[in-house]
Structure formats: C-alpha cells, structure tokens
Amino acid sequence: AQSVTQPDIHITVSEGASLELRCNYSYGATPYLFWYVQSPGQGLQLLLKYFSGDTLVQGIKGFEAEFKRSQSSFNLRKPSVHWSDAAEYFCAVGLYSGGGADGLTFGKGTHLIIQP
Amino acid sequence: NAGVTQTPKFQVLKTGQSMTLQCAQDMNHNSMYWYRQDPGMGLRLIYYSASEGTTDKGEVPNGYNVSRLNKREFSLRLESAAPSQTSVYFCASRPPGKANQPQHFGDGTRLSIL
C-alpha cells in the first residue's frame, strides 16, 4: 500500500531564512506527487505537482520541489520565507491506477512557524 | 469563481443524530471526494466518486454513506453520529482527463459530536 511520511511535525524558521520540508513516499509505480498548504481554518491550496519529466518543479509563492526517485523523496524548498508562509504543509501521492483506485494519500503534515 | 462549496461550515450534533454534509462544485469536474482531517493524522479518504452514479469506498468509510446526486453535487451522510466522527470534513473535486490532475478542495465543514 502507498504511504507518505513527513518526518517533521513542526519546523521553526526565521523570516528570510531558507526552508526545506521533507517528504518520503512509498508507492509501487511512478507516483503523482503534490504539495498542498493549509492556512488556519482554510481548505487546502495546491503549491505544486510532479508527474514526470523535469525532477525540479516550480510552484506558486516561490516554492519549488525536487523529485528524487532513488531516495523516494519529494522535498519542498523556498529560498527565503515570509511571515505569511506560516501554515500547515501536506505532501500527498496520487492513488490513480488503471484498476480504478482513486484519491490522494496524505502525509500527516508539517506545521511551519516563522520567527520574526 | 465559487470552486468547491461545502455547507454547513460548522455543526454540532448529539450522539446518535443524523446529518448530511453537502458539497457542490461548479468546475464541471467528473471526480469528487470526501476526506476527514484529524489532528496529527493528515487527511484520510472516506469515499470518492469517479463519475455521476458511481461511488467507492476509501480508507475510512465505516459510519458514512455518500450520494452522487448529479455531476455537481456529492453529499456525505452520517446516519448515527458518534464522538469518533468529530472532525473537519473536506470535499474535493478533480478535472476530467488525465489522472495526474490535482484535486481542488473546499473550505471544510467543522463537525463536533457531543
């Protein structure tokens, strides 16, 4: 069965510093990978996605992620964080298959705190 | 653009009461989903519907029923609510075509069962 691990429950970063959020997945085929962000009391907003091709993908709000098949990882990065980046971040893998299974498997999330 | 709309936004129920959570999307998406979000658990798939008239179980379907009323609407019903179903419920939809299209989420329904 597929699974997603986000090893860091909480991360604290100073405003202006760089950020890397870790995500590891377990999946039997080429994965469809996503990063979503959730602000308090809000729904989930897509940051970026990976299906195939270039392993470095660019997203919204200055985020990027790198797919590394050998490490089964899809880490999210940002060169310089802003206070507005404080939120919950979720990594997810798509379950889509020819057999009809559908939906996303999510990691448990990483709560990002920005220090002034 | 409304996107995915969920009603109600908040609800408090007593154990044993029933309730239907409503979800509608105006993006002409074929696939729709219900997830629940619990602290420290991420989101878990309850049910999904690949198209009008079809529904399938996800990871945590017990205690829930769903109806895909038409292409736009996908409802989630709790027949006899239990405290373990206290959660935030999210509806999502996905565009037709390739399966790698991302899901679009509503703002959630916060449900408390006493």
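Atom set for the values below is all heavy atoms of this structure, side chains included, hydrogens, waters and symmetry mates excluded. Just so it is clear, the model here is predicted, and its values are computed rather than measured. Chain identifiers are assigned alphabetically (A, B, ...) following the order of the sequence lines, protein sequences preceding nucleic acid strands; residue numbering begins at 1 within each chain.
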Undergrad: Membership question, hydrophobic clusters at under 4.5 Å side-chain separation (ILVMFWY): are A:Y50 and A:L21 in the same one?
TA: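 In one cluster with A:L21: A:Y50, yes.
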Undergrad: Quick check on A:I9: does its CD1 atom have over 12 non-hydrogen neighbours (other residues, nucleotides or ligands) under 6.0 Å away?
TA: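 Check fails, neighbour count at 12 or below.
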Undergrad: Between B:Y47 and B:Y33, is there shared hydrophobic-cluster membership here, with clusters defined by ILVMFWY side-chain heavy atoms closer than 4.5 Å?
TA: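 No; B:Y33 is not reachable from B:Y47 via cluster members.
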Undergrad: Is there a side chain to side chain contact (heavy atoms under 4.5 Å, CB included) between A:L104 and B:Y35 once you walk through the steps?
TA: CA-CA 9 Å; A:L104 292 173; B:Y35 294 87; 3.5 Å; yes
Undergrad: Is it the backbone or the side chain of B:Q37 that comes under 4.5 Å from a heavy atom of chain A, or both, or neither?
TA: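 Only the side chain of B:Q37 comes within 4.5 Å of chain A.
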Undergrad: If I measure from the heavy atoms of chain B, does A:Q6 come under 4.5 Å with its side chain, its backbone, both, or neither?
TA: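 No part of it gets close to chain B.
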Undergrad: Using side chain to side chain contact (heavy atoms under 4.5 Å, CB included), reason through B:L43 and A:L44 one step at a time and then give a plain yes or no.
TA: CA-CA 10 Å; B:L43 280 75; A:L44 277 72; 4.1 Å; yes
Undergrad: Can A:L112 be reached from A:F74 by stepping across I, L, V, M, F, W or Y side chains whose heavy atoms are under 4.5 Å apart?
TA: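 Looking at the clustering, A:L112 is in the same group as A:F74.
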Undergrad: Is there a side chain to side chain contact (heavy atoms under 4.5 Å, CB included) between B:F105 and A:Q42 once you walk through the steps?
TA: CA-CA 10 Å; B:F105 286 81; A:Q42 301 296 312; over 6 Å; no
Undergrad: Consider only side-chain heavy atoms of I, L, V, M, F, W and Y, link residues closer than 4.5 Å, and tell whether B:M32 and A:F106 are in one cluster.
TA: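 As far as the 4.5 Å side-chain criterion goes, A:F106 and B:M32 are not connected within one cluster.
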Undergrad: Between atom CG of B:D38 and atom NZ of A:K108, what is the distance when rounded to the nearest 0.5 Å?
TA: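 Rounded to the nearest 0.5 Å, the CG-NZ separation comes to 11.0 Å.
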Undergrad: Which atoms of B:R110 are under 4.5 Å from chain A, going by heavy atoms: the side chain, the backbone, both sets, or neither?
TA: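 Looking at B:R110, just its side chain touches chain A.
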Undergrad: If hydrophobic clusters are built by linking Ile, Leu, Val, Met, Phe, Trp and Tyr wherever their side-chain heavy atoms come under 4.5 Å apart, do B:V4 and B:L111 end up in the same one?
TA: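 In one cluster with B:V4: B:L111, no.
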Undergrad: Looking only at non-hydrogen atoms, find the nearest pair between A:Y36 and B:Q103 and report the distance.
TA: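 Shortest heavy-atom contact: OH-O, 2.9 Å.
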Undergrad: I need the minimum non-hydrogen distance between B:L45 and A:G103, along with the two atoms involved.
TA: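 Residues B:L45 and A:G103, closest heavy atoms: CD2-CA, 3.9 Å.
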Undergrad: Count the heavy-atom pairs under 4.5 Å between each of A:K49, A:Q38, A:H111 and chain B, then report the option with the highest count.
TA: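 Winner by heavy-atom pair count: A:Q38.
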